[in-house]
Amino acid sequence: MMTINKILVANRGEIALRVMRTAREMGIKTVAIFSEADRNALHVRYADEAVCVGPAPSSESYLRGDAIIEVCRRLGVDAIHPGYGFLSENANFARQVREAGLLFIGPSPESIEVMGSKLAAKAAVADYDIPMVPGTPSAITDRAEAKLISAKIGYPILIKASAGGGGKGMRVVESDADFDEQMDRAVSEAISSFGDGSVFIEKYVTSPRHVEIQVLGDQHGNIIHLFERECSVQRRHQKVVEEAPSAILTPEIREAMGQAAVGVARACNYYGAGTVEFIVDANLNFYFLEMNTRLQVEHPVTELITGVDLVEQMIYIAEGKPLTIKQEDLQIKGHAVEIRVYAEDPANNFLPDVGTLDTYVRPQGNGVRVDDGFEQGMAIPIYYDPMIAKLITYGDDRAAAIQKMIRAIDEYQISGVQTTLGFCRFVMNHDAFRSGQFDTGFVSKYFTADVLDTKPDAEETELAAVFAAYLLDKQAAKPSQTQTVGPARPKSQWRTKRLG
């Protein structure tokens, strides 16, 4: 076992801050990396040390594994936490970290490789009696044979990229006549997105729910699950609203899914925090989809219902310590809901809307958690994911968590960019969501731009004017605390920590 004294967080924004806060609570020093676009970012200020690793494009900064490892050597770093995105599921990077004598706060490169390919993952779990969606066991090489298999499975079917994620390289095929066109599109998108044109076929499950199980494993063979997260409200196959627990699972199905997830993790000798994703049909049959070998964006809802700090556990596991939590120690307490607050315009097909946060005031109060990486006056960079924050609420039950979320959304004040707050309010108030009777088609079924209340009434306009005047008076009364560009920026102590 090794004691970690200094961690480099190979990421940015809210997840970098979230990891650093736990590290600080554990008495561990932190190092931030940043691109030139993130020079004034909050995670840079928060870290004990910060180093610029390149220009704004992620390919020249946050994806520079060689530069990141060199920073670790220079600063005496013991371990790297990758967060999510960027290099978090890059087996080559994890292997380079290990070869450099550093700890990777995540799974082994071998586990990442196996679960990084949907086909390899299916092969790995074949001996563990994991429910699987009917489909092809390997990549399609013969289209004629693939059409025969599709006809046998029954349309509609789904063509999926083996190396895919985020809905890329995925096409629904309604009939044999559409097969070739959709196949070409799936392969083309898979090549452009992942450099791998391998695709396979699955039965398309109608009215599906997206339910995932959080797992933790140590390096001594102990693996537990921390129950499920419901992630069915999505746009462009990407999650927008998550909650824990799911409103539809019975205790028996929850236990069966949990044990299946543990089996998946065991199939690849998994250690660290990971998520096993399932699709659930209208009859509550569940099927294995894939495993994400990293911390998930939506991990806070699991932390709130279990009381377990997942980042803390990841650090202990990387040090080689055995899990101190047993499956029987865990129980669900209360309910948590998370929304992703994006700088996107829901009225314009959720297109990104970058700009400056002219107003940025977080909601507060009991049971409200905001994980973010911005403050008032900062710009949303065009180079990265447009997520501003994750807003999470916790209550004794689902109804209480939802009501708390509505209140928190109403208190969240953001101007300067369009956001998904209005859309998320729509979700929270919709009968289908409140009843728990929804699936991954929620957005296409229920949401249109005209349901958003984008015109404030007279009272709202007056309140906004009063608030703006208050902010101006406050700013005039003391030096500005916002992020601006120019020589007038007040100096702050964190600048002395910069090495690049």
Side-chain angles (χ1 to χ4, degrees), residues 10-12 15 33 35 53-69 80 82-100 104 106-125 135-143 146 157-173 179-202 234 236-239 268 274-275 277 288-297 352 382-386:
N11 218 295
R12 64 181 296 278
I15 186 57
I33 59 170
S35 70
V53 288
S58 57
S59 61
E60 301 177 43
S61 52
Y62 295 107
L63 293 174
R64 287 280 311 280
D66 54 343
I68 292 169
I69 291 174
I80 294 176
Y84 45 72
F86 294 133
L87 294 168
S88 62
E89 293 181 283
N90 187 309
N92 289 333
F93 177 66
R95 189 169 286 110
Q96 290 169 357
V97 171
R98 184 169 65 186
E99 291 171 352
F104 184 74
S108 70
E110 293 77 18
S111 294
I112 296 174
E113 282 177 334
V114 169
M115 290 299 160
S117 164
K118 292 181 177 65
L119 290 173
K122 286 187 174 189
V125 305
T136 54
S138 58
I140 298 170
T141 56
D142 185 324
R143 289 203 182 194
I157 57 101
L158 195 63
I159 299 177
K160 299 175 70 174
S162 176
K168 296 182 176 65
M170 183 185 299
R171 288 289 183 274
V172 177
V173 184
F179 188 94
D180 287 319
E181 179 184 357
Q182 298 302 331
M183 178 77 170
D184 291 339
R185 289 184 178 182
V187 171
S188 175
E189 191 169 303
I191 292 172
S192 63
S193 298
F194 313 110
D196 181 353
S198 301
V199 297
F200 64 100
I201 291 172
E202 282 185 347
Q234 305 177 2
R236 297 193 297 271
H237 298 286
Q238 293 181 323
K239 305 162 191 171
C268 66
T275 296
E277 302 200 355
F288 170 62
L289 279 181
E290 61 182 334
M291 184 176 190
N292 291 309
T293 54
R294 55 173 166 79
L295 196 65
Q296 292 278 88
V297 176
I382 64 173
Y383 307 98
Y384 316 115
D385 184 272

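In this text, all values refer to a predicted model and were calculated from it rather than measured experimentally.
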Side chain Ser192, main chain Glu189, donor-acceptor under 3.5 Å: yes
Aromatic plane relationship, Phe104 with Phe93 - under 30° parallel, 30 to 60° tilted, over 60° perpendicular: perpendicular
Check: Tyr384 side chain, Ala56 main-chain N or O, donor-acceptor pair, under 3.5 Å: yes
Partners passing salt bridge (charged side-chain N to carboxylate O under 4.0 Å, His left out) against Asp180 (at least two apart in sequence or in another chain): Arg143, Lys147
Verdict with supporting geometry, Glu181 and Asp184, side-chain contact (heavy atoms from CB on, under 4.5 Å): CA-CA 5 Å; Glu181 179 184 357; Asp184 291 339; 5.8 Å; no
Non-hydrogen atoms of Lys118 and Ala163 that approach each other most closely: NZ-C, 4.5 Å
Worked verdict on Leu158 versus Met170 for side-chain contact (heavy atoms from CB on, under 4.5 Å): CA-CA 7 Å; Leu158 195 63; Met170 183 185 299; 3.7 Å; yes
Backbone N/O of Pro55 and side chain of Ser61: donor-acceptor pair under 3.5 Å: yes
Non-hydrogen atoms of Arg64 and Val53 that approach each other most closely: NH1-O, 4.4 Å
Test: Glu110 and Arg98 ion pair at under 4.0 Å: yes
Spacing of OG belonging to Ser58 relative to CG belonging to Asp385, to within rounding of 0.5 Å: 11.0 Å
Minimum heavy-atom distance Ile112-Pro107, with the two atoms named: CG1-CG, 3.7 Å
Distance-minimising heavy-atom pair for Ile80 and Ala10: CG2-CB, 3.9 Å
Expected output: side-chain Glu277 to main-chain Glu290 donor-acceptor under 3.5 Å: no
Salt bridge (charged side-chain N to carboxylate O under 4.0 Å, His left out) partners for Glu60, two or more places apart: none
Residue list, salt bridge (charged side-chain N to carboxylate O under 4.0 Å, His left out) with Lys122, at least two apart or on another chain: Glu202
Worked verdict on Lys160 versus Leu289 for side-chain contact (heavy atoms from CB on, under 4.5 Å): CA-CA 11 Å; Lys160 299 175 70 174; Leu289 279 181; 3.7 Å; yes
Criterion side-chain contact (heavy atoms from CB on, under 4.5 Å) on Lys239 and Val297, from CA distance to verdict: CA-CA 9 Å; Lys239 305 162 191 171; Val297 176; over 6 Å; no
Shortest non-hydrogen contact from Ala121 toward Met115: CB-SD, 3.5 Å
4.5 Å side-chain heavy-atom contact, Glu89 and Asn292: yes
Between CG on residue Asn90 and OG1 on residue Thr293, distance to nearest 0.5 Å: 10.0 Å
Contact summary for Tyr383 and Pro57, nearest pair of heavy atoms: CD2-N, 4.3 Å
Thr136 side chain vs Phe200 backbone, donor-acceptor pair below 3.5 Å: no
Donor-acceptor contact below 3.5 Å, side chain Tyr62 vs main chain Ser35: yes
Residue pair Ile68 / Leu87, side-chain heavy-atom distance below 4.5 Å: yes
Donor + acceptor pair across side chains of Gln296, Arg294 (<3.5 Å): yes
Flag side-chain contact, heavy atom, 4.5 Å: Ile201 against Val173: no
